[in-house]
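Both ligands and their constituent atoms are indexed starting at 1 by order of listing.
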Amino acid sequence: MTSLPIAPDARQSARDPRPGLAGLTADELAAWFTARGEPSYRARQVGDAVWRGGAAAIDEVSTLPAALRLAVDEAFRFDTVSATELRMSDGGLTEKALHRLSDGALVESVLMHYPARAGQRERHTLCISSQAGCAVGCPFCATGELGLTRDLETAEIVDQVRHAARRLGADGRRLTNVVFMGMGEPLLNLDRVLAAVDALNDPRRFGLGARHITVSTSGVVPGIRRLTALGPQFTLAISLHAARDALRDVLVPLNRRWPVAEVVAAAREHAAATGRRVTYEATMIAGINDTEQDARAMAELLRGDHAHVNLIPMNPVAHTPWTASPGDAIERFAAILGAAGVATTIRRNRGQEIGAACGQLAAERAGEPAPAVVARRRERLVEESARALRGERSDEGVPPLVAAATPGWGGE
Ligand code: SAH
Ligand code: SF4
């Protein structure tokens, strides 16, 4: 793996047209070798190098004759990540990776180590990105601030996992969990995300059980319904943040397309059809969504559901006027949910000092926005949230970026 500091001006260039090997199914790889008149064990050798070995480049696959290595290299990319910069925090328990892709697009992944505890084995969880940037534009999120650059290819999603697995493997450790909670809205790149989950799941490829994979969405209702029709593939997490539409319109602009009641109804159907508990996430922001009124609204919304709520203090983001909720406010919130029978956990956010909320490293490389722009954004957020807290719902339509990312999915 190349590890180097990624320049702030990692320039956009043309995307490498060769498909990534990690995006191919075992049958597709086998078919390529068969079409060239090669014996089937060659496909297995390459497949093993991609999925099981420690090789970072096709040149390192020494079991393959040089001419065949060259042919594979002409047709495919062994790795779709061209450079990776690593940053450690939490005394080495959190490793944040900034990856540069072939066209210069930057994406992040975060590897979190959880040491063994009484009755629990050690875990190594990787948080990965599904898009470079994001169109949804949640104001507390560093990725939302960047806007959408592009969807990731299947191999670009999976290669983040291969990178972490190689790093762990070098120390004799194994990746135990993958969460799609990095940059991007996975359900707005659903075909590629499903193909990536398939690669992670497939015993002939990465071989990680569906129960060890979580996909988080800000509430793309048609995407949730599509997942429900497919049956259980992974744990579904919904970024709820607020149960009242006026406030959720501000915190998750996608709420103006699919309001919270529709999102929760789709999640409920998903839980009923798959038998799998839905996880809800709420990023806790001081004085904004952590009030008693909000806790009661969330308790009423989720009362009696097969659900679990995670409360996570907000990671500070440069362009917002907001701060994380204090611990006692989060505890009060959790107690109200708990009293309504809603299973709730308070999570500590990892790696604050290296910006572990995904998108923060990429935002840093994109450069600071002009102070006047930041000031205007902050002012607007203060106004919008004050209006929302009075319970007034804005009559603004679906934001243009969201409308462009969800064409034909509901009225403007
Ligand atoms: N787009 C998807 C998945 C990526 S975001 C989604 O929104 O669910 C993954 C999680 O990180 C979401 O729950 C999101 O709300 C949370 N998040 C984003 N910015 C954060 C911040 N500054 N502090 C804490 N959590 C944050
Ligand atoms: Fe996109 Fe999720 Fe960030 Fe919202 S929280 S902007 S949906 S990545």
Within a distance under 4.0 Å of any heavy atom of [X], pick out the atoms of ligand 1 and give their elements.
{"X": "Met181", "result": "4 (C), 5 (S), 9 (C)"}
{"X": "Cys141", "result": "18 (C), 19 (N)"}
{"X": "Ser218", "result": "6 (C), 7 (O), 8 (O)"}
{"X": "Thr217", "result": "6 (C), 8 (O)"}
{"X": "Val317", "result": "22 (N)"}
{"X": "Gly184", "result": "1 (N), 2 (C), 3 (C), 4 (C)"}
{"X": "Gly182", "result": "4 (C), 5 (S)"}
{"X": "Asn315", "result": "21 (C), 22 (N), 23 (N), 24 (C)"}

Discussion item. Is the distance between the ring centroids of His241 and Phe140 under 6.0 Å?
Written reply: yes
Between the side chains of [X] and [Y], does any donor sit under 3.5 Å from an acceptor?
{"X": "Gln293", "Y": "Arg296", "answer": "no"}
{"X": "Glu185", "Y": "Thr217", "answer": "yes"}
{"X": "Ser130", "Y": "Asn189", "answer": "no"}

Worksheet, complete the sentence: Note: heavy atom closest to atom 21 (C) of ligand 1, options Tyr280, Phe140, Phe180, belongs to Phe140
Worksheet entry | Options Glu185, Met314, Met183, His241, ranked by nearest heavy atom to atom 14 (C) of ligand 1, top entry | His241
Worksheet, complete the sentence: CD (Glu108) and CZ (Arg87) are apart, to the nearest 0.5 Å, by 9.0 Å
Worksheet, complete the sentence: The protein N, O or S atoms lying under 2.8 Å from atom 3 (Fe) of ligand 2 are Cys141 SG
Worksheet item: Passes salt bridge (charged side-chain N to carboxylate O under 4.0 Å, His left out), Arg248 versus Asp245? Steps please.
Response: CA-CA 5 Å; Arg248 197 166 185 274; Asp245 276 319; over 6 Å; no
Discussion item. Does the Lys NZ or Arg CZ of Arg162 fall within the cation-pi geometry relative to Phe78 - under 6.0 Å from the ring centre and within 45° of the axis?
Written reply: yes
Worksheet item: Cation-pi between Arg123 and Tyr114: NZ/CZ under 6.0 Å from ring centre and within 45° of the ring axis?
Response: yes
Practice prompt. Not counting sequence neighbours, which residues clear salt bridge (charged side-chain N to carboxylate O under 4.0 Å, His left out) with Glu392? List them please.
Written response: Arg390
Practice prompt. Please determine if Glu156 and Arg150 form a salt bridge, counting it only when a charged side-chain N lies under 4.0 Å from a carboxylate O.
Written response: yes
Fill in: Arg276 side chain near Leu236 side chain, heavy-atom distance below 4.5 Å
no
Item to complete: Report yes if some N/O of Thr283 lies less than 3.5 Å from some N/O of ligand 1; otherwise report no.
Response: yes
